Protein chains: 2
Amino acid sequence: MAAALALANASGDFSMRALGQRLRVDPMAIYRHFRDKDALLEAMVDAALADFEAPPADAGDPVERLRQMGIGFRRALMAHPGVALRVATTRPVLGPHTLALTEACVALLTELGLGQGEAIQAYSALVRYITGVAGAEQPVHSAGTSETDWQEEMRSAYASLPAGQYPHLSRMADEFLHRGFDEQFEFGLDLLLDALVERGRRNRAADLTPGDLG
Amino acid sequence: MAAALALANASGDFSMRALGQRLRVDPMAIYRHFRDKDALLEAMVDAALADFEAPPADAGDPVERLRQMGIGFRRALMAHPGVALRVATTRPVLGPHTLALTEACVALLTELGLGQGEAIQAYSALVRYITGVAGAEQPVHSAGTSETDWQEEMRSAYASLPAGQYPHLSRMADEFLHRGFDEQFEFGLDLLLDALVERGRRNRAADLTPGDLG
DNA sequence: ACCTGAACACCGTTCAAGT
DNA sequence: ACCTGAACACCGTTCAAGT
């Protein structure tokens, strides 16, 4: 069921009535299975995450596997544009696929040397960043703008700013041409991972020399 | 004009027709000033950012000022819930307030020692993270859930998971009680800033010893 | 030429009427 | 008791009709 929903959604935007027509069923029949449109969207978000699984233990060190999870998470969201827009502004999803990925991600974070409180906050920070990226990219894709068109659009917007008022921005306009969405996403992902690695390393060092804290 | 719009929006949700009623004007009159609802929302996002300005040069070192900008950005978004939800999924806003803050932020990032390409990507990463957080918090606030109720809700959801299947998550349930939205937000913000500081430091070191790169 | 508001094509959801 | 679909209260936007 939810699989059919995700499929229906993959083609553009989405409404209860359109889904009913797509499934050749009375739109009201959907309310038998889901209390709300929100409940249905929640199920769809979880279904969208069924497409990818946590990388196996031999896929690299914990950092590399976290990186792969982040990349896979974003890819799964972008594959379902109608869902991606909503996941950025929805309450936490507690579906089986989401929970499995959360568990795997938190496990990897503790392997980095993070404590319980740090691990769960680090997970949340990663998800916020990834959904923020997905939310920002979605309107560009759904408007049918190609990545290169988009880069040129941003470049010319920044290049045409008055250089006196915005010296940095106007000078940096050309930078948009060199970086694609993937590279931009991974830049921020790596920032977060770098900082988490460093934090784990510090924790371990403090554990090994507990008398040295002052 | 846009100020009145932001005000109207501050009270819950928002529609063209409701705005017309609020302004005691024909709803269609709005289309004289804005081509679209999207164009209007864009103007509202920019107007929401008029509330805060970049911290002055004597407010601390670049990192501290970047931190204050991040905190202020989030606060401005949360003060306009109807806008906050949309900013997470809208195309980049090129209004005067947004651009002024972007310029100030990018200037501070270059002060950290980042190159042009790094600075603009770092800015984007920070914005994605902040809008991701705003998008995640907005539904909680607009549902009228208090922060402590929300924490308890999350705790019990995680605590009731089968410990065999989700060992980390079920063990970490209590962590939700100790961290508020502010602390959670600043945790992720500091991760990004820590990594950016480190990157700037490495750039400077490489500049000082150009022969040492291998 | 400008402004108005009725009308169009939707939407999520309720609920009375059928079976 | 279950299912259906007409009806309700919206929505963004168009466009014909007025001034």
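Treat the numbers as computed from the prediction; the structure is a model and nothing was measured. Chain A is the first sequence line, chain B the second, and so forth, proteins listed ahead of strands; every chain is numbered from 1.
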Undergrad: C1' atom, C/dT13 versus D/dT13: distance in rounded Å?
TA: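 Taking atom C1' in both C/dT13 and D/dT13, they lie 23 Å apart.
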Undergrad: Does any non-hydrogen side-chain atom of A/Tyr129 lie less than 4.5 Å from one of B/Val133?
TA: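 With C-beta onward as the side chain, the pair stays apart.
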Undergrad: Could you note down all residue pairs passing side chain to side chain donor-acceptor pair (under 3.5 Å) where residues 112-121 of chain A supplies at least one of them, sequence neighbours left out?
TA: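 Only A/Glu118-A/Asn203 qualify under side chain to side chain donor-acceptor pair (under 3.5 Å).
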Undergrad: With a 4.0 angstrom cut-off to heavy atoms of chain B, pull out the first and last contacting nucleotide of DNA chain D, in 5'-to-3' order.
TA: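 On DNA chain D, the outermost contacted nucleotides are D/dC11 to D/dT14.
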Undergrad: Are A/Arg74 and A/Phe185 in a cation-pi contact, defined as NZ or CZ under 6.0 Å from the six-membered ring centre and within 45° of the axis?
TA: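 Yes, a cation-pi geometry holds between A/Arg74 and A/Phe185.
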Undergrad: Can you list the stems that DNA chain D is part of, where a stem is at least 3 pairs in a row, each Watson-Crick or G-U, with both distances below 3.5 Å?
TA: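 Consecutive-pair runs (3 or more) involving DNA chain D: C:4-8 with D:12-16, C:12-16 with D:4-8.
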Undergrad: Side-chain contact, heavy-atom cut-off 4.5 Å: A/Leu161 with B/Leu94?
TA: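 No, too far: nothing below the 4.5 Å cut-off.
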Undergrad: Without hydrogens or angle criteria, can the side chains of A/Tyr158 and A/Ser170 be said to hold a donor-acceptor pair below 3.5 Å?
TA: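 The answer is no; no qualifying pair exists.
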Undergrad: For nucleotides C/dG18 and D/dC8, find the distance between their P atoms and express it as a whole number of Å.
TA: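 These two P atoms come out 16 Å apart once rounded.
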Undergrad: Which value, in whole Å, describes the distance between the P atoms of nucleotides C/dA9 and D/dA9?
TA: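 It comes out at 22 Å once rounded to the nearest Å.
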Undergrad: Checking all strands, does A/Met28 fall into the base, sugar-phosphate, or nothing category for heavy-atom contacts under 4.0 angstrom?
TA: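 It contacts base atoms.
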Undergrad: I want to check a possible cation-pi pair here: B/Arg199 against A/Phe187, using under 6.0 Å from ring centre and within 45° of the ring axis as the test.
TA: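 Ring-cation test returns yes.
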Undergrad: Both A/Arg32 and A/Arg17 contact DNA chain D. Which one's nearest nucleotide lies toward the 5' end?
TA: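 Its nucleotide being nearer the 5' end, the pick is A/Arg32.
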Undergrad: Is the shortest distance from a Lys or Arg side-chain nitrogen in A/Arg155 or A/Glu175 to a carboxylate oxygen in the other one below 4.0 Å?
TA: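 Answer for the salt bridge query: no.
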Undergrad: Is the gap between the ring centers of A/His141 and A/Phe181 under 6.0 Å?
TA: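 Distance test on ring centres: under 6.0 Å, yes.
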